[in-house]
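Step one of this worksheet: look at the structure below.
All values below were derived from every heavy atom in this structure, side-chain atoms included, with hydrogens, water molecules and symmetry-related copies excluded.
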Amino acid sequence: MNVLDDYMVDTRLSLLDKTRIQAQVLVPVVRSLRAELGKERADAIVKHALRDWSKALFAAVAESVEGSPRRKWAAMQTALTEITEREVTVEMHRHDKEALEFDVTHCRFAEFFRALGEPELGALLVCATDFDIVTAGGNEVSLTRDQTLMQGAPSCTFRYRFAPRP
């Protein structure tokens with residue numbers, strides 16, 4: 001059993017398929033809101049709603065994992081890797097007790113949302129969740145990501161740092 005099974009809703013679906021289903025509903029809603037409220041206001045409302053949802057969801061997942069904050073992060077990160085590995089290509093740079101550094105050089109999520117013309121929505125649904133998962137790591141895990149494929153960069157740069165263990 002994967003700690004993200006509840007997040008996935010139906011474990012027979014891939015995360016990409018789940019995301020496509022979410023987009024089938026969200027894209028028309030977002031576009032209607034933009035027509036009514038203007039792009040800036042509509043996007044702000046959607047961003048706020050999706051960020052609140054994601055933060056609460058991953059905080060609840062973290063609560064279900066036993067152990068230290070770093071253990072909670074590790075369990076969720078491992079689970080996320082398992083459910084995304086066939087959708088992304090990763091180039092590993094470093095993996096030791098102090099850091100985990102890698103680049104995602106190909107991402108089917110980014111391709112999907114860029115083809116829809118909605119990379120901002122993709123960033124909210126997919127990319128921002130990495131920071132919600134890091135939150136479970138408390139002061140023991142941090143993430144810096146200077147660029148993403150979703151934003152049009154050549155890669156997503158994941159740079160995790162780990163606090164020294166006592």
[Y] backbone acceptor or donor facing [X] side chain under 3.5 Å:
X: Arg108; Y: Val88; value: no
X: Thr135; Y: Phe131; value: yes
X: Ser32; Y: Val29; value: no
X: Asp103; Y: Thr105; value: no

Check step by step if salt bridge (Lys or Arg N to Asp or Glu O under 4.0 Å) holds for Lys39 and Asp43.
CA-CA 6 Å; Lys39 183 173 178 12; Asp43 287 356; 2.6 Å; yes

Kindly indicate whether a cation-pi arrangement holds for Arg94 with Phe102, taking the cut-offs as under 6.0 Å to the six-membered ring centre and within 45° of the axis.
no

Counting only heavy atoms not in Asp96, do more than 12 fall under 6.0 Å of its CG?
yes

Sequence neighbours excluded, every pair satisfying salt bridge (Lys or Arg N to Asp or Glu O under 4.0 Å) that has a member inside residues 128-145
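Pairs touching residues 128-145 that pass the test: Arg51-Asp132, Asp130-Arg145.
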
Could you tabulate the donor-acceptor pairs under 3.5 Å formed by side-chain atoms of residues 69-76, not counting sequence neighbours?
{"residue": "Lys72", "atom": "NZ", "partner": "Ala62", "partner atom": "O", "Å": "2.9"}
{"residue": "Lys72", "atom": "NZ", "partner": "Val65", "partner atom": "O", "Å": "2.5"}

Donor on one side chain, acceptor on other, Thr84 and Glu87, under 3.5 Å
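No donor-acceptor contact under 3.5 Å links the two side chains.
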
Please give me the minimum heavy-atom distance between Leu149 and Val104, naming the atom from each residue.
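Nearest pair, atom of Leu149 first, then Val104: CD1-O, 3.4 Å.
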
Can you see which heavy atom on Leu33 is nearest to which on Val46, and at what distance?
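Closest approach of Leu33 to Val46, heavy atoms only: CD1-CG2, 3.9 Å.
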
Salt-bridged, Glu118 to Arg31, with N to O below 4.0 Å?
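Here Glu118 pairs with Arg31 in a salt bridge, since their nearest N and O are under 4.0 Å apart.
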
